[in-house]
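Written below as structure tokens is the structure these notes are about.
Only heavy atoms go into these numbers, but all of them, side chains included; no hydrogens, no water, no symmetry mates. Since the model is a prediction, treat every value here as computed from it, not as a measurement.
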Amino acid sequence: MGLTKIDFENASALLESNPRCDNYLDGLVSQTESYKEKYTFFRNGSDDIFGISPEGNVHLYSEDQQDIHDFLKRVEELSINPAVIFSYFSNDLLIRESFKKRTLTSRPFFYLKKIAIKSELPGNSIIKLATFQNQDLVNSWFKSFNEEESSNWDTPQLIVNPDIKLYLVFQDDNFAGAAANTLLSNSRLWVGRLWIMPNYRKHGLATELMNHLESVAKIENKDVSLLVSNHNIKALNLYTNLEYKTISSNCFWY
């Protein structure tokens, strides 16, 4: 059907209508107006979205192989060499063929969501929001998380951005783990970097922490959403047991 260039308003309306795009939409909405103006969007006849960010990163929310091929040809013609390519798992071979001159290391993950939030279950731990006075704990948490997950998430600085929400869990007055809500949304509470200290695992703390976050989401009239690496079997088992449903299967390529 071919590709048509559209503005941010039309792109966001299409993204809003596709539940698989929730994380992309929320990430875009949180950007400044000048950033959005520099973003380039295209759509095809099936209302799929294709995007080129101001940094030159590529987003492909489509299963149409021909339109993806046409879009990537346009990216090549614009001399764009994206640092990050985002797409669905099913497009893996096409992405690798299109960027065969590069070594691509994919980071596959699942987007999970829970709509029917139950009431918080009682727990024995203490969960509280971090403040800038807890920055040392936050630093330690992110350092350990990145080492364990082979990731490179930036450590939030609460004194710089006090609006983000970092939930710390304590057991017997000792720091035992945490979870982050750094991507702000009016309709979804995004959970990220959930991590329990090794010596406190298998004590139900991850479940307690998720129950607490669900209670917060219920009060704020939000769904709970999260992204999980498809290699993280323990986390996937946790969320499956907590009745989270997979909305889409996605991948980054670097």
* Nearest 0.5 Å, what's the CZ-CE distance between Phe175 and Met197? -> 7.0 Å

* Evaluation steps, side-chain hydrogen bond (donor to acceptor under 3.5 Å, both in side chains), between Ser248 and Asn250 -> CA-CA 6 Å; Ser248 63; Asn250 309 286; 2.8 Å; yes

* **Heavy-atom closest pair, residues Val224 and Ala217** => CG2-CB, 3.6 Å

* Which atom of Asn57 lies closest to which atom of Ala83, heavy atoms considered -> OD1-N, 3.4 Å

* Minimum side-chain heavy-atom gap Ile52-Leu78 below 4.5 Å -> yes

* More than 12 heavy atoms of other residues, nucleotides or ligands under 6.0 Å from CG of Asn152: is that the case? -> no

* Apply salt bridge (Lys or Arg N to Asp or Glu O under 4.0 Å) to the pair Asp26 and Arg188, showing each step before the final yes or no. => CA-CA 9 Å; Asp26 286 340; Arg188 289 169 284 274; 2.8 Å; yes

* To do: Scan for salt bridge (charged side-chain N to carboxylate O under 4.0 Å, His left out) pairs involving residues 54-63, sequence neighbours excluded, and state none if there are none.
  => Arg20-Glu63

* Structure fact -> Smallest heavy-atom separation, Gln31 atom then Lys36 atom, equals O-CE, 3.2 Å

* Between Ile164 and Asn181, is any pair of side-chain heavy atoms under 4.5 Å apart? -> no

* Contact check, side chains of Leu226 and Lys113, non-hydrogen atoms, under 4.5 Å -> no

* To do: Mind checking the CZ-OG spacing from Arg193 to Ser144? Nearest 0.5 Å is all I need.
  => 14.5 Å

* Please confirm whether the backbone N or O of Asn237 pairs with a side-chain atom of Thr240, one donor and one acceptor, at under 3.5 Å? => no

* To do: Give the intermediate values and the outcome of salt bridge (Lys or Arg N to Asp or Glu O under 4.0 Å) for residues Glu77 and Arg74.
  => CA-CA 5 Å; Glu77 292 167 359; Arg74 187 171 302 193; 5.6 Å; no

* To do: Grab the two heavy atoms, one from Ser30 and one from Gly27, that are nearest each other, plus how far apart they are.
  => OG-O, 2.8 Å

* **NE2 (His231) with more than 12 external heavy atoms under 6.0 Å** => yes

* **Leu129: side-chain contact (heavy atoms from CB on, under 4.5 Å) partners, not counting sequence neighbours** => Lys165, Tyr167

* Min side-chain heavy-atom separation Val75-Phe71 under 4.5 Å -> yes

* Compare every heavy atom of Val228 with every heavy atom of Ala235, then report the nearest pair and how far apart it is. => CB-CG1, 3.9 Å

* To do: Could you check Glu214 against Lys218 for salt bridge (Lys or Arg N to Asp or Glu O under 4.0 Å), going step by step and ending with a plain yes or no?
  => CA-CA 6 Å; Glu214 288 182 16; Lys218 188 172 184 178; over 6 Å; no

* **Pairwise side-chain contact, Asn186 with Lys222, heavy-atom cut-off 4.5 Å (strictly under)** => no

* **Any residue meeting side-chain contact (heavy atoms from CB on, under 4.5 Å) with Phe89, in chain and number order, not counting sequence neighbours** => Pro108, Phe110, Asn230, Ser249, Cys251

* Asked: More than 12 heavy atoms of other residues, nucleotides or ligands under 6.0 Å from CG of Asn174: is that the case?
  -> yes

* Asked: What's the spacing between Ile68 CD1 and Ser87 OG if we round to 0.5 Å?
  -> 5.0 Å

* Asked: So, do Tyr239 and Tyr244 have ring centers that fall under 6.0 Å from each other?
  -> yes

* To do: Taking atom CD of Glu9 as the centre, report whether more than 12 heavy atoms of other residues, nucleotides or ligands fall under 6.0 Å from it.
  => no

* Enter the distance from Asn44:CG to Asp70:CG here, rounded to the nearest 0.5 Å. => 10.0 Å

* **Gln171 versus Ser125, side-chain donor and acceptor atoms under 3.5 Å** => no

* To do: Show which residues join Phe86 in its hydrophobic cluster (side-chain heavy-atom contacts under 4.5 Å, direct or indirect), or state none.
  => Ile6, Phe8, Leu14, Leu15, Tyr24, Leu25, Leu28, Val29, Tyr35, Tyr39, Phe41, Ile49, Tyr61, Val84, Tyr88, Phe109, Tyr111, Leu183, Trp190, Leu227, Ile247, Phe252, Tyr254

* Asked: So, Asn91 and Gln65: side-chain donor and acceptor under 3.5 Å apart, yes or no?
  -> yes

* **Lys NZ or Arg CZ of Arg107 over Trp253 ring: under 6.0 Å, within 45°** => no

* Asked: Considering only heavy atoms from C-beta outward, does the side chain of Pro82 approach that of Arg102 to under 4.5 Å?
  -> yes

* Any side-chain donor-acceptor pair under 3.5 Å between Ser151 and Asn146? -> yes

* Asked: So, Asn161 and Gln157: side-chain donor and acceptor under 3.5 Å apart, yes or no?
  -> no

* Looking at side-chain heavy atoms only, is the closest gap between Leu209 and Ile127 below 4.5 Å? -> yes

* Asked: Do Leu72 and Ile95 have side chains that get closer than 4.5 Å, going by heavy atoms?
  -> yes

* Residues which pass side-chain hydrogen bond (donor to acceptor under 3.5 Å, both in side chains) with Lys100, listed by chain and number, not counting sequence neighbours -> Glu97

* Nearest heavy atoms of Pro156 and Val138, plus distance in Å -> O-CG1, 3.9 Å

* Could you please spell out the steps behind the side chain to side chain contact (heavy atoms under 4.5 Å, CB included) verdict for Glu243 and Lys114? => CA-CA 7 Å; Glu243 302 179 7; Lys114 188 171 182 180; 4.3 Å; yes

* side-chain contact (heavy atoms from CB on, under 4.5 Å) with Arg201: which residues, sequence neighbours excluded? -> Glu148, Trp195, Ile196, Pro198

* Going by atom types only, do Asp223 and Ser225 share a side-chain donor-acceptor pair under 3.5 Å? -> no

